[in-house]
K.L.:
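Here you go, one structure.
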There are 2 protein chains.
Amino acid sequence: MKSNVKNSELKSVRRYLYEKGLKHSLKRHTIAELFFREDKHLSIEELYDKVKKIDPDISFSTVYRALRLFERAGLAVSRRFIDGITKFEPVHPKEHHDHLICVRCGKIIEFKSKKIEDLQKEIARAYKFELLNHRLELYGYCNKCRRGPVNRKP
Amino acid sequence: MKSNVKNSELKSVRRYLYEKGLKHSLKRHTIAELFFREDKHLSIEELYDKVKKIDPDISFSTVYRALRLFERAGLAVSRRFIDGITKFEPVHPKEHHDHLICVRCGKIIEFKSKKIEDLQKEIARAYKFELLNHRLELYGYCNKCRRGPVNRKP
DNA sequence: GCTATTTTTGACATTGCTTTTCATTTTCAA
DNA sequence: TTGAAAATGAAAAGCAATGTCAAAAATAGC
C-alpha cells in the first residue's frame with residue numbers, strides 16, 4: 001500500500017482505541033487507511049468496494065462499524081442525503097465544499113465560501129464548541145427551474 | 001378551523017395543482033392548512049397525528065404524499081436527521097435557526113446568524129438560484145466533551 | 001512465546017421508516 | 001350526469017441501518 005496516508009489521523013484512531021480500551025486490528029487499519037486517504041464523502045458501500053480490493057476478507061459489517069467508530073472518535077462525520085444514503089467524510093478534508101440543491105430537478109452545485117466558514121468558526125467559539133466539520137445546503141430553484149418547471153417525476 | 005393560516009401558501013398549492021393538472025381535494029387542503037400553519041419542522045408521523053384530530057379519515061399515506069407534493073411544488077423542504085427520520089418544513093418559516101451538534105454526546109444547540117443568512121443569499125444570487133431554504137449544521141465537541149470524553153454508547 | 005480474556009468479525013436476521021401497489025373512491029370537465 | 005383521470009386507504013414491499021451470536025483475532029500477563 002502506498003504511503004501517502006494521513007498519518008495523523010491513523011494515530012488518532014490508535015489513541016482513541018487505546019483510551020477506550022479497544023483493540024487495534026489489521027482490518028480496522030486497512031479501512032482507516034483507505035478512508036482517511038479519501039477527500040470526499042463516501043457511502044459505506046463505496047468504501048466497502050475499495051476495501052474489498054485490498055482485503056476481500058473484510059465484511060460490510062466491519063466497514064460499517066469502523067466508520068461509526070471513527071465518528072465517535074470525532075474523526076469522521078456522517079450525513080444523510082436526500083437519496084437516503086448515509087455518507088461519511090473525514091473531519092478535515094483537504095477541500096470542503098457546500099451544496100446548492102434544486103428542489104425541482106435535483107441538480108446539485110458545489111460552492112465554497114471562505115467568509116461563511118469564518119463566521120462558522122466565530123459561532124463555534126461563542127458556544128465553546130470545538131468545530132470539526134459542517135454541512136451547509138441551500139435549497140431552491142436553479143436557473144432553469146425558476147422559469148419553465150421541470151419535474152423529477154414527470 | 002381558525003383562520004390564522006398562511007393563505008399565500010394555500011394559494012400556491014392550488015396554483016401548483018392547477019399547473020400540473022392535478023386535483024384539489026378536501027383532504028389535501030386540510031393537510032396543507034395544518035402544515036403551513038406550523039413553524040417548525042415536522043415528521044410525517046407528527047403531522048399525521050395533528051391531521052387525525054381534524055379528520056380521522058385521512059390516512060398516513062395521504063399525509064406522506066401531500067408532503068412530497070408540497071416539496072415538489074417548492075413549498076416545503078425535507079431533511080433527514082441522524083435518527084433516520086425525515087422531517088418537513090415550510091419553505092418560509094417565520095423563524096429559522098441552525099444547529100450546533102456535538103459528535104460525542106449528541107447535544108444540539110440552536111443558533112441564528114443574520115450575517116450567514118445574508119452571505120447565503122449572495123451565493124444564491126451568484127448562481128442564479130432562487131433560494132427557498134437552507135440547512136446549516138456545525139459538528140464538533142461541545143464544551144463538556146472537549147475535556148472529559150462522554151460516550152453516547154458507553 | 002504461550003494462554004486466557006476480551007474485543008472484533010462475518011453472515012445473517014431484524015428493525016423501522018419510507019415508498020409503492022392496487023382496488024376503490026372522489027374529483028372535475030364536458 | 002357521466003366518464004376519464006387522479007386521489008385515497010390499507011397493506012405490502014423496499015431498503016438502508018443496526019443487532020445478534022458463534023467463531024476468530026488481538027492484547028495483557030505470565
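Numbers restart at 1 for each chain; the letters A, B, ... are given by sequence-line order, proteins then strands.
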K.L.:
So if I take every side-chain heavy atom of B/Arg68 and compare against D/dA16, C/dT18, C/dG10, which nucleotide ends up nearest?
P.N.:
C/dT18
K.L.:
Return the value, rounded to whole Å, for the distance between atom NE2 of B/His24 and atom P of C/dA29.
P.N.:
13 Å
K.L.:
I want to verify a distance call: between C/dT8, C/dG10, C/dT18, whose nearest atom is closest to the A/Ser25 side chain?
P.N.:
C/dT8
K.L.:
Ignoring hydrogens and geometry beyond distance, is a side-chain donor-acceptor pair present between A/Glu110 and A/His97 at under 3.5 Å?
P.N.:
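Yes, a side-chain donor-acceptor pair sits under 3.5 Å.
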K.L.:
Using the closest heavy atom to pick a nucleotide of DNA chain C for each, name whichever of B/Leu26 or B/Ile44 lands nearer the 5' end.
P.N.:
B/Ile44
K.L.:
Specify the separation, in whole Å, of atom CG of B/Leu47 and atom C1' of C/dT18.
P.N.:
16 Å
K.L.:
Calculate the interatomic distance between B/Phe70 atom CZ and D/dA7 atom C1'; express it in whole Å.
P.N.:
13 Å
K.L.:
Inspect the contact between A/Glu117 and A/Lys115 and indicate whether a charged nitrogen and a carboxylate oxygen are less than 4.0 angstrom apart.
P.N.:
no
K.L.:
For A/Lys27 and C/dT9, give me the distance from atom NZ to atom C1', rounded to whole Å.
P.N.:
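For the pair A/Lys27 NZ and C/dT9 C1', the rounded distance is 6 Å.
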K.L.:
Separation of A/Glu45 atom CD from D/dC15 atom P, in whole Å?
P.N.:
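The distance from CD of A/Glu45 to P of D/dC15 comes to 13 Å, rounded to the nearest Å.
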K.L.:
Rounded to whole angstroms, how far apart are CG on B/Leu17 and C1' on C/dT26?
P.N.:
15 Å
K.L.:
Could you work out the complete set of other residues in the hydrophobic cluster of B/Leu136, with links drawn between I, L, V, M, F, W and Y side chains under 4.5 Å apart?
P.N.:
A/Leu100, A/Ile109, A/Phe111, A/Ile116, A/Leu119, A/Ile123, A/Tyr127, A/Phe129, A/Leu131, A/Leu136, A/Leu138, B/Leu100, B/Ile109, B/Phe111, B/Ile116, B/Leu119, B/Ile123, B/Tyr127, B/Phe129, B/Leu131, B/Leu138
K.L.:
From C/dT18, C/dG10, C/dT8, pick the nucleotide closest to the side chain of A/Ser59?
P.N.:
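Among C/dT18, C/dG10, C/dT8, the one nearest the side chain of A/Ser59 is C/dG10.
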K.L.:
Any N or O donor-acceptor pair linking the side chain of B/Ser61 to the base of D/dA10 at under 3.5 Å?
P.N.:
yes
K.L.:
Looking at D/dA16, I'd like to know if its phosphate oxygens (OP1 or OP2) sit under 4.0 Å from a side-chain N or O belonging to A/Thr86.
P.N.:
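Checking A/Thr86 against D/dA16: no side-chain N or O falls below 4.0 Å of OP1 or OP2.
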K.L.:
Can you see if the side chain of A/Tyr64 gets near the phosphate of D/dT18 - specifically, an N or O under 4.0 Å from OP1 or OP2?
P.N.:
yes
K.L.:
Is there, by distance only and without an angle test, a donor paired with an acceptor across the side chain of B/Lys23 and the base of D/dA5 below 3.5 Å?
P.N.:
yes
K.L.:
Expressed as a whole number of angstroms, how long is the span from B/Arg14:CZ to D/dA6:C1'?
P.N.:
16 Å
K.L.:
Checking side-chain polar atoms at under 3.5 Å, does B/Glu46 have a donor or acceptor matched by the opposite partner on B/Tyr48?
P.N.:
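Looking only at side-chain atoms, B/Tyr48 and B/Glu46 do not form any donor-acceptor pair under 3.5 Å.
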K.L.:
Is A/Arg65 side chain donor-acceptor paired with the C/dG10 base, going by distance under 3.5 Å alone?
P.N.:
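Side chain to base: pair found, below 3.5 Å.
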K.L.:
Between B/Asp118 and B/Lys114, does at least one N-O distance fall below 4.0 Å, as a salt bridge requires?
P.N.:
yes
K.L.:
Using atom CZ of B/Phe60 as one end and atom P of C/dT21 as the other, report the distance to the nearest whole Å.
P.N.:
17 Å
